[in-house]
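As structure tokens, the structure follows; a few thoughts come after it.
Here the structure is a predicted model, which means the values were calculated and not measured.
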Amino acid sequence: QPSNPGPPSPTPSPFLLVTAGVQDPGNLGGLLRTLLASGLAGGGPGGGGGGGGLATLGPEGCDPMGPRCLRSSLGAAGFSVPVWSFGDVEEMEGCLDGRGPGWKVAVCHCGEGSTS
């Protein structure tokens, strides 16, 4: 697996949606579409965008670049919304360190017993 460069240095109030354990590619694709449509990440409507993206944690979730997720995201995954994968929280924090303050982070965790 190639080295993970992590998110870019932030623009004002960049947003990072962190997912862990999302198994259904359709659900993950929907999250990516929502990030793009809301303007919180990627280019956003009209080319604005919050400069953030989506990060997946751990090996439990579906592949955000898999064919079903790409199809359900309508191309948002990796093309309009940056997607990063991290092994754990510590790796993610290490990539965010030094990239400036002001990151807004939301976490979507689908643990045992939940449906995703």
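Side chains of L16 and L54 form no contact here, defined as non-hydrogen atoms less than 4.5 Å apart.
Summarising the geometry of A76 relative to L36, their closest heavy-atom pair is CB-CD2, 4.0 Å, with the distance given to 0.1 Å. Considering every non-hydrogen atom in both G53 and W84, the closest pair reads CA-CZ3, 3.7 Å. Of all non-hydrogen atoms in P64 and L70, the two that sit nearest each other are O-CD2, 4.1 Å.
Between T56 and T19, the side chains place no donor N or O within less than 3.5 Å of an acceptor N or O (distance only, hydrogens not considered).
Atoms CG and OG, from L35 and S80 in turn, are 11.5 Å apart once rounded to the nearest 0.5 Å. The SG atom of C69 sits 5.5 Å away from the CG atom of L32 when rounded to the nearest 0.5 Å. To the nearest 0.5 Å, atom CG of residue L17 and atom SG of residue C108 are 6.5 Å apart. Taken from OG in S73 to CE in M65, the straight-line distance is 8.0 Å, to the nearest 0.5 Å. Put simply, OG on S72 and CZ on R33 are 6.0 Å apart, with the number rounded to the nearest 0.5 Å. Rounding to the nearest 0.5 Å places CG of L57 at 9.0 Å from CD of E91.
For the pair E93 (side chain) and D88 (backbone), a donor-acceptor distance under 3.5 Å is absent.
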